Amino acid sequence: MSTSLDDLPLRDDLRGLTPYGAPQALLPVTLNVNENTHPVPREVAADILDAVAQALQDVNRYPDREFTTLREGFADYLGHGLSPSQIWAANGSNEVLQHLLLAFAGPGRTAFSFAPTYSMYPLLTGATGATYVAGTREADYTLDPERAAAQVADVQPDVVFLCAPNNPTGTAASLEVIAAVYDAAPGVVIVDEAYQEFAPRDAPSALTLLPGRERLVVSRTMSKAFAFAGARVGYLAADPAVIDALRLVRLPYHLSALTQAAASAALRHAATMLGMVDAIIGERDRISATLEALGYTPAPSSTNFVLFSGVDDPARTWQQLYDRGILIRDVGIPHSLRVTAGTAQETTAFLDALASIDSGT
Ligand code: PMP
C-alpha cells in the first residue's frame with residue numbers, strides 16, 4: 001500500500017486541502033490559464049540567450065541578492081516617478097504575493113478579497129496559517145466604493161487583495177474603489193494588476209495612488225502581457241518600508257542569476273515584448289462579440305480573457321470543447337466558462353468549435 005497524506009504528520013490546517021490544479025493537457029489549443037499564446041519575438045529571444053550565457057559565466061557565485069539591475073528595469077518600465085527602492089520581484093507574482101502574506105499575514109491574522117476572484121488568494125493565505133475571508137461583488141462583478149469599503153471595515157483584515165482588472169471576471173476597478181478600500185483597511189492593500197497592460201490605455205493604474213499611501217502595494221507580472229510565464233517573474237511597487245519587510249521573509253538569493261539576466265534583457269525590449277498586446281485585445285473583443293452573437297453573455301473585460309455566462313451545463317460544454325482539442329477553464333461560476341484570447345487562429349478554432357456544439361441557454 002502506498003503512503004497517503006493521511007499517514008503523514010501534516011499540519012492540521014493543511015488536511016483536506018486540494019492543490020492548485022489547472023489542467024496542463026497537451027491539446028492543440030490551450031486557452032485556460034490566461035497566458036500570452038504568442039511566443040517571445042525571435043530577436044528578443046536571441047538577446048535574452050546572450051544575457052543568460054553571460055550570467056552563466058558567474059554561476060559558480062550566488063546571484064545579486066538585491067537584483068539591482070532588474071529593479072532598475074522595473075522602475076523604468078513602470079514610470080510614475082518610482083525608484084528602485086520601491087520595487088520588489090520574485091519567481092512569479094504568486095511568490096510576490098506569498099512574500100507579502102509571510103510578512104503581513106500568518107497565524108492569527110486575516111486576508112480578505114472580493115469573490116469571485118483569483119483562486120490562489122485563499123491557498124496562499126492558508127499556507128501562511130492565516131484565515132481567508134471572501135467578500136462579495138455586485139451582481140455584474142463590479143465593486144461599489146461604499147459597499148466594498150464597508151465590507152473591509154467590517155472584517156478588519158490584515159491584508160486585502162484587490163484584483164484589478166479581476167480574474168476570472170475581467171472586471172476593472174476604479175481608483176475611487178481602490179482609495180475607498182484603502183481608507184477603510186487597517187492593513188496592507190494589494191492591488192493585483194497582473195492584467196493591467198490589457199486595460200484601456202486611458203485606464204489609470206493604482207500606481208498613481210502610491211504617494212502618501214504606505215500600506216498600498218501594486219503587484220504586476222511578466223507572465224501575461226510580456227509573454228514570459230515560463231520564466232517566472234513577478235514584481236511589485238510599494239513604499240521602501242514595505243520592501244524592507246519583504247527582505248525579512250524571502251529566501252536568500254531567491255531570484256536566480258539566470259532569471260535576473262533573462263528578465264532584465266526582456267525588459268530592455270519591453271516595447272517589442274508587448275507588441276502583441278493590441279492584437280490580443282482585438283481577439284478578446286472578437287471573442288466577446290461572437291459569443292454575444294451565439295447567444296451567450298460575455299462579461300466586459302479589461303484583460304486577455306473573457307468570462308461568459310448563459311452556458312447551460314459548463315462541465316459538458318468544457319468537455320465538448322476538450323474533445324475538439326480546445327482547453328478553456330471552468331472556474332466554478334454557475335452557467336459560466338472562461339476563455340483566454342489566443343492568436344487569431346486559436347481564437348477562431350475556439351469560436352468555431354463552440355458554434356458547432358450547443359448554443360447558449
Ligand atoms: N495574479 C493573478 C490575478 C493571476 O491571474 C495570476 C496568474 N494566473 C497571477 C497573479 C500569478 O501569475 P504569476 O505567478 O505567473 O506571475
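These numbers were taken from a predicted model, which means no experiment stands behind them. Below, each value reflects all heavy atoms present in this structure, side chains not excepted, and no hydrogens, waters or symmetry copies. Every number for a ligand or one of its atoms is a count from 1 in the order of the listing. Counting from 1, the numbers follow the sequence of the chain as shown.
- Between the side chains of D64 and T68, a donor-acceptor pair is found at a separation under 3.5 Å.
- Remark: the Q345 side chain and the T348 side chain contain no N/O donor-acceptor pair separated by less than 3.5 Å.
- Under 3.5 Å, the side chains of D323 and Q319 contain a donor-acceptor pair of N or O atoms.
- A donor-acceptor contact closer than 3.5 angstrom is absent between the side chains of H254 and N91.
- Aromatic ring orientation, Y195 versus F198: tilted (interplanar angle from 30° to 60°).
- Given atom 11 (C) of ligand 1, the protein heavy atom at minimum distance is S93 OG, 3.2 Å.
- Some N or O of T221 is nearer than 3.5 Å to an N or O of ligand 1, by distance alone.
- Ligand 1 lies within reach of K224, whose nearest heavy atom is under 4.0 Å from it.
- Put simply, no part of N34 is less than 4.0 Å from ligand 1, judged by heavy atoms.
- Look at A229 and you'll find every heavy atom at least 4.0 Å from all atoms of ligand 1.
- For atom 14 (O) of ligand 1, the nearest protein heavy atom (residue, atom name, distance) is R232 NH2, 2.9 Å.
- Ligand 1 is never approached by G234 to a heavy-atom distance shorter than 4.0 Å.
- The closest side-chain donor-acceptor pair between R329 and N34, if any, does not fall under 3.5 angstrom.
- The shortest N/O to N/O separation between Y121 and ligand 1 does not fall below 3.5 Å.
- Here the protein heavy atom with the shortest distance to atom 1 (N) of ligand 1 is D192 OD2, 2.7 Å.
- Within the listing of ligand 1, atoms 13 (P), 15 (O), 16 (O) sit less than 4.0 angstrom from a heavy atom of S223.
- Salt bridge absent: E95 and R250 never bring a charged side-chain N and a carboxylate O closer than 4.0 Å.
- Below 4.0 Å from some heavy atom of C163 lie the following atoms of ligand 1, by number and element: 3 (C).
- Judged by distance alone, the side chains of N32 and R338 never bring a donor and an acceptor atom under 3.5 Å apart.
- In N94, the parts holding a heavy atom less than 4.0 Å from any atom of ligand 1 are both the side chain and the backbone.
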